[in-house]
Student: 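Before we start, here is the structure in question, set down as structure tokens.
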Amino acid sequence: MKDSVRGHLDAMLLAVLEPGPLHGYAVIEALRQRSGGRFDLPTGTVYPALRALERAGYLTGDWSTVGGRKRRTYRLTGSGRRALAAERTEWLAYSRALDATLAEGT
């Protein structure tokens, strides 16, 4: 996993699932699309993180069969929405501090 993603993956996954439920591969595609291709993460990174978020109570998952293939579809829980809001607040404070630190000529 790229260092730029480390520590932010959970928030990124919660944000991608905020609009509605997605199966695992669609989560990976949504991350890729929303990041303009910058976050092209392998299944070995995303699936364990989705399972951990489910165990933490931030996601629920349901199995379905589509085209003869079993898929697990994930959706945010109320706890997941609250965690995402907290992550966004923390990210805004962090990014403002980083912007101020990196600003040229200050």
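For reference, positions follow the sequence shown, starting with 1.
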Student: Working to the nearest 0.5 Å, report the span between OG of S64 and NE2 of H23.
Tutor: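 That separation rounds to 8.5 Å.
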Student: Please report the shortest heavy-atom distance between P21 and R75, naming the atom on each side.
Tutor: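 Heavy atoms of P21 and R75 come nearest at CG-NH1, 3.2 Å.
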Student: If Ile, Leu, Val, Met, Phe, Trp and Tyr residues are connected whenever their side-chain heavy atoms lie under 4.5 Å apart, and connections chain through other members, are L14 and L92 in the same group?
Tutor: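 No.
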Student: With hydrophobic residues grouped by side-chain heavy-atom distances under 4.5 Å, do W63 and V66 end up in a single group?
Tutor: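 No.
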Student: Hey, what do you get for CG (L9) to CG (L53), rounding to the nearest 0.5 Å?
Tutor: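 Spacing of CG (L9) from CG (L53) equals 7.5 Å.
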Student: Would you find more than 12 non-hydrogen atoms of other residues, nucleotides or ligands less than 6.0 Å from Y74 atom OH?
Tutor: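 Yes, because the 6.0 Å sphere around OH of Y74 holds more than 12 heavy atoms from other groups.
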Student: Mind checking the CG-CG spacing from L50 to L17? Nearest 0.5 Å is all I need.
Tutor: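 Here the rounded value is 6.5 Å.
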Student: Once you measure the plane-to-plane angle for Y94 and H8, does it fall in the parallel (<30°), tilted (30-60°) or perpendicular (>60°) bin?
Tutor: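 Aromatic pair Y94/H8 classed tilted.
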Student: Under a 4.0 Å N-O cut-off, is there an ion pair linking E18 with R88?
Tutor: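 Yes, charged N to carboxylate O under 4.0 Å.
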Student: If you round to the nearest 0.5 Å, how far is CG of L59 from CG of L13?
Tutor: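 It is 8.0 Å, given to the nearest 0.5 Å.
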Student: Would Y25 and E29 count as having a side-chain donor-acceptor pair, cut-off 3.5 Å?
Tutor: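 Y25 vs E29: donor-acceptor pair found between side chains.
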Student: What's the spacing between S35 OG and L41 CG if we round to 0.5 Å?
Tutor: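 S35 OG to L41 CG: 7.5 Å, rounded to 0.5 Å.
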